[in-house]
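These notes are about the structure you will find just below.
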Amino acid sequence: MLSSAKPDLPVPLTDLKIQYTKIFINNEWHNSVSGKKFPVINPATEEVICEVEEGDKADVDKAVQAARQAFQIGSPWRTMDASERGRLLHKLADLIERDHLLLATMETTNAGKLFASTYLMEIGSSVKTLRYCAGWADKIQGRTIPSDGDFFTYTRREPVGVCGQILPWNFPLVMLVWKIGPALSCGNTVVIKPAEQTPLTALHVASLIKEAGFPPGVVNIVPGYGPTAGAAISSHMDVDKVAFTGSTEVGKLIKEAAGKSNLKRVTLELGGKSPCIVFADADLDTAVENAHVGLFFHQGQCCVAASRLFVEESIYDEFVRRSVERAKKYVLGNPLTPGVSQGPQIDKEQYHKILDLIESGKKQGAKLECGGGPWGNKGYFIQPTVFSNVTDEMRIAKEEIFGPVQQIMKFKTLDEVIKRANNTTYGLAAGIFTKDLDKAMTVSSALQAGTVWINCYGGGGNQCPFGGYKMSGNGREMGEDGLYQYTEIKTVAMKISQKNS
Amino acid sequence: MFPSAKIAVPAPLADLKIQYTKIFINNEWHNSVSGKKFPVINPATEEVICEVEEGDKADVDKAVQAARQAFQIGSPWRTMDASERGRLLHKLADLIERDHLLLATMETTNAGKLFASTYLMEIGSSVKTLRYCAGWADKIQGRTIPSDGDFFTYTRREPVGVCGQILPWNFPLVMLVWKIGPALSCGNTVVIKPAEQTPLTALHVASLIKEAGFPPGVVNIVPGYGPTAGAAISSHMDVDKVAFTGSTEVGKLIKEAAGKSNLKRVTLELGGKSPCIVFADADLDTAVENAHVGLFFHQGQCCVAASRLFVEESIYDEFVRRSVERAKKYVLGNPLTPGVSQGPQIDKEQYHKILDLIESGKKQGAKLECGGGPWGNKGYFIQPTVFSNVTDEMRIAKEEIFGPVQQIMKFKTLDEVIKRANNTTYGLAAGIFTKDLDKAVTVSSALQAGTVWVNCYGGGGNQCPFGGYKMSGNGREMGEDGLYAYTEIKTVAMKISQKNS
């Protein structure tokens, strides 16, 4: 997921036109029921890119109704071959490839992501995700079961139904396809609420959904805010499942709302404070680089950010020295500009939260090695910041920062570092750097994290189930198990006159 | 699950002694922290059988602490071979078989279940469940995954951790093993709260857990009430998963509490208003008998009770006639007494709720064919009751009665009956009676229910995943998928110099 190759990069589209700014229901574009619109901001310039129709409960109701209709027994979507669902997903992937440059320019402009990253990696990754899910469609199997008694017994993995999907702003396009890929592959219909900061690429993809030939009502997109449109989804009495990626704080509200309303199925991908453990026998350059990118990728705005870096005592000082040197190599600026290697944070709220946590690091006695404050006079830019001599009780060691701020801590023994690494309510990911086989196996087993990387950080991809232990989430996304979360098992037991094995 | 054989039944134990009445933590017996006890009632006589220590939050805290300790990396339970976990479950099954007569007598006395049923079926069924789960222990596998990039990638299915399990009163022993079987097979530790009405067989099994050789802290049992001990489990910040079987109303509170506290994983097996559809071409005797037992088993106190019986117009009158004749064959009385074929409802609250719903049936215009009121002058007995000419808007057609009250409705067409059958927020089970192949397959596909029985009702067993669509539950129990609900997936991705397929 984190490439270091540097193929040729084209120029971003200079005349980016935002064609799609409305609510997408039944393959048609709708104004909001209320008539309201909301602004979409470029975080590098703080300028308004355009306005988008603001969906609220009434729009969500329309979308759910359309999704429910498209899900009826006998509908085009329910009677379609599973392989045909897969073909439609491949077609959507083709159209995203066709619109590669447009989507990369749009994502960069709206989400503050580096153009090189979106163009060279994220569009391609999104295409791969759709193709991976497309391949699963006709391989979602039930079982025949040797149950006791004279029965012919089988299970079906039916689609769950109408799935509400609430997306984050850090990887708008990638997270959109992580949600719709598995859901559509398994035959569900969806109502998507993109993050209010980043609705544009989702709306463009909506036009491709229609162009690819998905039946009306299968995919519906309602841009809007969390407390209004998002809450309407999580409380809706006719939504069968809600999937959310975002903060643990909001994830809790969603699970609570699901329990209060109709017991809709819930999957959550939430926050993290993921530990990276570097043992003295690690390859030092590899460890420094991977731990660095593992924190600083996309300005620290990744759920798996390696935000607690535990380094064995004997190599600590050298590790810090090399990490600081690495952190000083950034060129900040507009992410569309060639040569820029760090973009802005997503919005003012995040910007202030990160700066506040940086100040707490200084106040609580961590050593500021570089950075430590804002950058520039426009846009939400923060200097890449490294703290050393961080101790576990500091706020920067406990709270998710979601910014370009790296914490480097020291450890002495194996048992100590495992205990400290696990001493959090989070459990999303972890990294281990060592050449020792037994250490790699036993430490990865001991860490309470959904994904453990060894001698790398952030790789893997579509084939691997991804998700959190503890309060970093419920359930998994991608991989076989992620797909199964979008199915509901039905057992059918048919009485027969005599069973034989 | 519903035997029709009539094998010889021994006499119940004449001198039943209740040996275990305390809280079970770390393989030791504890008094409640508060000093309080609560009475356990015999529903056939309304007499107090004994008193049991009343657990509350403080006792749950102790139990969770013990379970957490037993779950630590390096503990006897975590370092034990999976096959050895299976061997311990087999040993527990052996001990339950040894105490067959004692447990059957105890379950009958405490839960009002017919002695023939507990002796001939439920003890044996519990043993089979444990043996089924025992066999899974060393077959809970992760995968190696062909992920993109130069990685060696695999998943592990680790135990979830400390599992809180809240049991119902309708099948106390069977539900206990449905919870601990999968949980222990996968390597979890558990804190169980049996229903306050029926703690006795769970506490006896606790003594067998210790005798079988499970390490201390692996199984802990805290008898007590829902709003105190149950709520303490669902809100606990150090419980990783809660599993509950009971009413939809309480299931919602539990999911809400899980979201408010620590996002613990939630599986729920809740209520139902399961439809049985009898087509004109069905074998009439089979349909009458199966639909009858499907409703009246254990005095109607089954989550899958066939409580909406849709009968095709042309056979309706004959079907009602035969069903009424069948319902008049019961001998009510103390379930320990040979020859008794219907026992009491579990307690006063259920008794009044059922009688209230019967009255509503009369008031709202259903035709009372037989029964319709209480029986006897002691114990919570209700006459087997049949209503015909029931329409969908009546309370008896919509609300879960959980009593010996059968509703028989008429239908004309296929599309109509499917729509009416699905017109409920429940979705636990359904039955179809027809000889027509296409009808059986397409109707079972169209019904929104977790288990569909064709030409039978209630069969299947341990090998089949069981659970609800919609508000009848979240997740599945038993079968391969039910076991997997007791695992947490960890992905490990190890960077290597070159991958080969």
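All values derive from a computational prediction rather than experimental measurement. Just so it is clear: chains get the letters A, B, ... in the order the sequence lines come, proteins before strands, and each one is counted from 1.
No other option in K495(B), R265(B), E158(B) has as many heavy-atom pairs under 4.5 Å with chain A as R265(B). Options G479(A), C456(A), G473(A), G450(A) differ in how many heavy-atom pairs under 4.5 Å they form with chain B, and the most are formed by G450(A). The residue among K128(A), R143(A), M237(A), Q448(A) with the most heavy atom pairs within less than 4.5 Å of chain B is R143(A). When each of A257(B), A446(B), G161(B), G251(B) is scored by its heavy-atom pairs under 4.5 Å with chain A, the top score falls to A446(B). Taking chain A as the reference chain and counting heavy-atom pairs below 4.5 Å, the highest number among P146(B), A440(B), G74(B), A430(B) is found for P146(B). Interface check for chain B: of the options A258(A), C464(A), G149(A), the most heavy-atom pairs under 4.5 Å are formed by C464(A). No other option in Y484(A), F152(A), Y132(A), W453(A) has as many heavy-atom pairs under 4.5 Å with chain B as W453(A). Looking only at heavy-atom pairs under 4.5 Å with chain A, the residue among G467(B), G468(B), A429(B) that has the most is G468(B). Here M471(B) is the residue among M494(B), M471(B), E480(B) with the most heavy-atom pairs under 4.5 Å with chain A. Your options are G461(B), G475(B), P465(B), and the one with the most heavy-atom pairs under 4.5 Å with chain A is P465(B).
Counting heavy-atom neighbours within 6.0 Å of E289(A) CD, excluding the residue itself, gives a total above 12. Residue-environment remark: NZ (K419(B)) stays at or below the threshold of 12 foreign heavy atoms within 6.0 Å.
Note that CG of N474(B) and NZ of K264(A) are 10.5 Å apart. Values are rounded to the nearest 0.5 Å. Rounding to the nearest 0.5 Å gives a distance of 9.0 Å between CG of D238(B) and NZ of K470(A). Once rounded to the nearest 0.5 Å, the distance linking CG of L447(A) with CD1 of I73(B) reads 9.0 Å.
With a 4.5 Å cut-off on non-hydrogen atoms, L268(A) touches chain B through its side chain but not through its backbone. Interface remark: R78(A) contributes no atoms to any contact with chain B (heavy atom separation under 4.5 Å). Of the atoms belonging to R476(A), it is side-chain heavy atoms, and not backbone ones, that fall under 4.5 Å from chain B. Both the backbone and the side chain of I489(A) come within contact range of chain B, each with at least one heavy atom under 4.5 Å from a heavy atom of that chain. Using a 4.5 Å cut-off between heavy atoms, Y154(A) contacts chain B through its side chain alone, with no backbone atom that close. Proximity to chain B (any heavy atom under 4.5 Å) is shown, for M478(A), by neither the backbone nor the side chain. Residue T155(B) touches chain A through its side chain alone, counting heavy-atom pairs closer than 4.5 Å. Using a 4.5 Å cut-off between heavy atoms, L270(B) touches chain A through its side chain atoms alone. For I145(B), the part lying under 4.5 angstrom from a heavy atom of chain A is the side chain only. Contacts of S261(A) with chain B are made by backbone atoms alone, with heavy-atom separations under 4.5 Å and no side-chain atom involved. At a 4.5 Å heavy-atom cutoff, the contact between A449(A) and chain B is made by backbone atoms alone. Residue T153(A) touches chain B through its side chain alone, counting heavy-atom pairs closer than 4.5 Å.
What you find for G459(A) and F151(B) is that their closest heavy atoms are CA-CZ, 3.6 Å. Residue C456(B) comes nearest to A493(A) through the heavy atom pair SG-O, 3.6 Å, listed as atom of the first residue, atom of the second, then distance. Nearest approach of R156(A) to S445(B), heavy atoms of both residues: NH2-OG, 3.2 Å.
With hydrogens and angles ignored, the 3.5 Å screen pairs no side-chain donor or acceptor of T491(A) with any backbone N or O of F466(B). The closest donor-acceptor contact from the side chain of K490(A) to the backbone of Y469(B) lies at 3.5 Å or more, if one exists at all. The backbone N or O of L263(B) sits nowhere less than 3.5 Å from a side-chain atom of K252(A) that would complete a donor-acceptor pair.
Looking at D481(A) and R157(B), a side-chain N of the basic residue comes within less than 4.0 Å of a carboxylate O on the acidic one, giving a salt bridge.
Side-chain contact check for K255(B) versus V266(A): some heavy-atom pair is nearer than 4.5 Å. In this structure, N262(B) and T425(A) have side chains that are not in contact, with every pair of non-hydrogen atoms separated by 4.5 Å or more.
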